[in-house]
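In what follows, residues are counted from 1 in the order of the sequence shown. Bear in mind that the values here come from a model prediction, so they are computed numbers and not experimental data.
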Amino acid sequence: MATILRKIAEQLLSRTTFSDLAMDRARDAVVDTIGCMIAGKGDESVAGLTRAFDGEIAGGGAARLVTGGSASPSLAALINATAAHALDFDDNFHPARAHASAVLLPALLAVLTRGKVTSGRRFLEAYLAGLEAQAAIGFGVNPSHYNRGWHATATVGSIGAAAGVARLLGADEESLVAAMSLATSFACGPKGQFGTTAKPLHAGIAARNAVDAARMALAGMSGRPDILERPQGFLDLFGGDDAKGWEDLTFGEEHIIESRGVVTKRHPCCASTHRAIDALLDLRQEHGLLADDIVRIETKVGISAARNLAYPDPADEMQARFSMQYCLATALLKGSLSLSDFTRQEIGRAEIREFMPRIEMQSYSADEEKGVERLPHVVTVTMRDGRILNKSRLHAKGSLEAPMSVHEREIKFMDCLRWGTRNVSGAPFLQLRGLADLENLSGDGPFWSLITDRQSPLTSRGSG
């Protein structure tokens, strides 16, 4: 009987054609993540890494850095993925319970070394392979794995991304299996680190691990092909109490990005806040809510969401991203959330601090959640005139069920450029949307000019 990793590898290699819809959604995810990577390049988590590895960066390497310069593929993956996840503005992928693209994109970029020519289409196909692998790994352990306290971005994300990198590097089935098996030995990341710079570092570590595992596999190293399901394997150790395993794992004709999509973030904060924020903004628009008219706001969220949001009185901008009280108060008072709302100065604003104690959060019970993949997040607003207003959201804005328009995506991308102290224009966004037609994504090709702000024209198929 084939092992789970072999079943996944066979699927990734057998899927040789992708629909236009799958390619378009992959492109959208890549462009969105590039924006997040640019915005996060100046974050303290990234600055700390560049200080820690200053000598290696000064020595250069074959892979490009979003911060400028170059380093080894491993170090480039570590720094660029940390930047992509630093501001918690990058996408979510429900089947893996992971920030899939923040791991996948930087890992794939890291092996696009100088002189290695890869087309945009082949790059997107590798992204889709890594995403499908993440979904398959997550199928057997989530949500139990995530609810147990594992940051699946760092665990499931690492294993799946290793498959994507191996695919981009031309791996055969044995090497794909080996890459995922080796990445399983690297997998770690406790959610107890949320609200600290270790949280975005998890994405960086996962991307680095994916690159290292794939390169090791192609050099002949291997691990057990049954490491997911065997005793003392991934499921046994990481699965949690209710993990179902992979016995019922199947692959549909549609790619997972077509059937489930990735969730593009509308707000630059923990996704556990997003459905409540959207529900409150709905009520604000429908009823013209004003802070002075509100007695109390109550939210009901999932158990894991309540655990993630551990900072009712945040002390810094990182904690504020994991504070339901701060995010809801800011959204109500300002009508939206942007990157500029998460600074030391903003989180200390008197009007926000004065309103936050009126916000309460509770979670569903274990019995309510049992056997249900997803429950709505509910916001209840008690008004001073006695009215009680309710709103629930099963899906956040940016999901497959409530997608962002191209214009909304561009606005977000421009906000990311602005935050990354870049020249703000729509040209990079429009050029990157032609990613599938680019001929050369190598480290010394013009593609990187859009990421590092060294402008040069891109070359696509059919151009002069």
Side-chain angles (χ1 to χ4, degrees), residues 28 32 35 87-89 91-92 261-302 305-306 309 312 314 320-343 346-347 349-362 374-416 418-419:
D28 287 345
D32 182 72
L87 304 177
D88 235 292
F89 211 7
D91 64 37
N92 288 99
V262 296
V263 183
T264 306
K265 279 192 169 185
R266 180 188 187 187
H267 315 294
C269 48
C270 178
S272 296
T273 66
H274 283 213
R275 285 183 277 164
I277 294 170
D278 289 344
L280 181 60
L281 290 176
D282 289 343
L283 289 172
R284 185 182 188 271
Q285 182 175 7
E286 292 167 11
H287 300 277
L289 296 182
L290 297 174
D292 289 344
D293 298 331
I294 296 172
V295 175
R296 183 170 63 255
I297 297 176
E298 299 168 276
T299 65
K300 188 172 185 179
V301 301
L309 303 174
R321 295 185 183 105
F322 295 84
S323 171
M324 181 68 86
Q325 289 75 11
Y326 178 79
C327 291
L328 284 186
T330 305
L332 175 71
L333 291 165
K334 300 186 70 174
S336 65
L337 287 169
S338 70
L339 289 166
S340 62
D341 292 312
F342 294 89
T343 65
E346 285 297 308
I347 67 169
R349 285 178 58 192
E351 60 177 338
I352 294 174
R353 288 288 171 172
E354 289 168 5
F355 192 85
M356 283 167 56
R358 297 186 225 174
I359 299 171
E360 302 171 10
M361 180 176 63
Q362 62 174 307
R374 194 169 185 79
L375 288 167
H377 287 186
V378 182
V379 170
T380 303
V381 179
T382 301
M383 306 294 289
R384 293 195 186 280
D385 62 10
R387 287 180 298 157
I388 297 178
L389 309 175
N390 289 282
K391 196 75 172 184
S392 65
R393 290 288 296 243
L394 184 61
H395 301 286
K397 179 70 174 179
S399 65
L400 195 63
E401 296 78 10
M404 292 172 67
S405 67
V406 175
H407 179 61
E408 288 170 326
R409 289 177 176 276
E410 184 175 10
I411 289 172
K412 175 181 174 178
F413 190 85
M414 303 276 271
D415 190 24
C416 287
R418 191 176 296 109
W419 195 253

Closest contact, heavy atoms only, Met324 versus Thr273: CE-CA, 4.1 Å
Euclidean distance, Thr382 OG1 relative to Glu298 CD, rounded to 0.5 Å: 5.5 Å
Donor-acceptor under 3.5 Å (Arg374 side chain, Leu394 main chain): yes
Gln285 CD: over 12 foreign heavy atoms closer than 6.0 Å: no
Where Met383 and Val381 come nearest, the two heavy atoms and their spacing: SD-CG1, 3.6 Å
Pairwise distance CG(Asp32) to CE(Met404) - rounded to 0.5 angstrom: 7.0 Å
Results of side chain to side chain contact (heavy atoms under 4.5 Å, CB included) for Ile347 - residues two or more places apart only: Ala320, Tyr326, Arg353
Nearest heavy-atom neighbours spanning Ser340 and Trp419: CA-CZ3, 3.6 Å
Over 12 non-hydrogen atoms of neighbours within 6.0 angstrom of CG in Asp292: no
Distance-only side-chain donor-acceptor flag, Asn390 / Thr380, under 3.5 Å: yes
Nearest non-hydrogen partners of Leu290 and Ile294, listed with the distance: O-CG1, 3.5 Å
Leu309 vs Cys270, side chain to side chain contact (heavy atoms under 4.5 Å, CB included): CA-CA, chis, key distance, verdict: CA-CA 8 Å; Leu309 303 174; Cys270 178; 4.1 Å; yes
Taking every non-hydrogen atom, the tightest pair across Thr299 and Ala276: CG2-CB, 4.3 Å
side-chain hydrogen bond (donor to acceptor under 3.5 Å, both in side chains) assessment of Asp278 paired with His377: CA-CA 10 Å; Asp278 289 344; His377 287 186; over 6 Å; no
From Cys327 atom SG to Leu332 atom CG, the distance as rounded to the nearest 0.5 Å: 13.0 Å
OG on Ser323 to CZ on Phe342, rounded to 0.5 Å: 9.0 Å
Reference residue Asp282; test side-chain hydrogen bond (donor to acceptor under 3.5 Å, both in side chains); the match among Arg393, His287, Lys391: Arg393
Closest non-hydrogen atom pair, Phe89 against Lys265: O-CB, 3.5 Å
Donor-acceptor contact below 3.5 Å, side chain His274 vs main chain His395: no
Separation of Lys412 NZ from His267 NE2 (nearest 0.5 Å): 10.5 Å
Donor-acceptor pair, side chain of Lys397 and main chain of Pro403, under 3.5 angstrom: yes
Short side-chain to backbone donor-acceptor contact, Glu408 and Ser405, under 3.5 Å: yes
Gap separating the CG atom of Asp341 from the SG atom of Cys269, nearest 0.5 angstrom: 9.5 Å
Donor-acceptor contact below 3.5 Å, side chain Thr264 vs main chain Ser399: no
Stepwise side chain to side chain contact (heavy atoms under 4.5 Å, CB included) check, Leu280 with Leu289: CA-CA 9 Å; Leu280 181 60; Leu289 296 182; 4.3 Å; yes
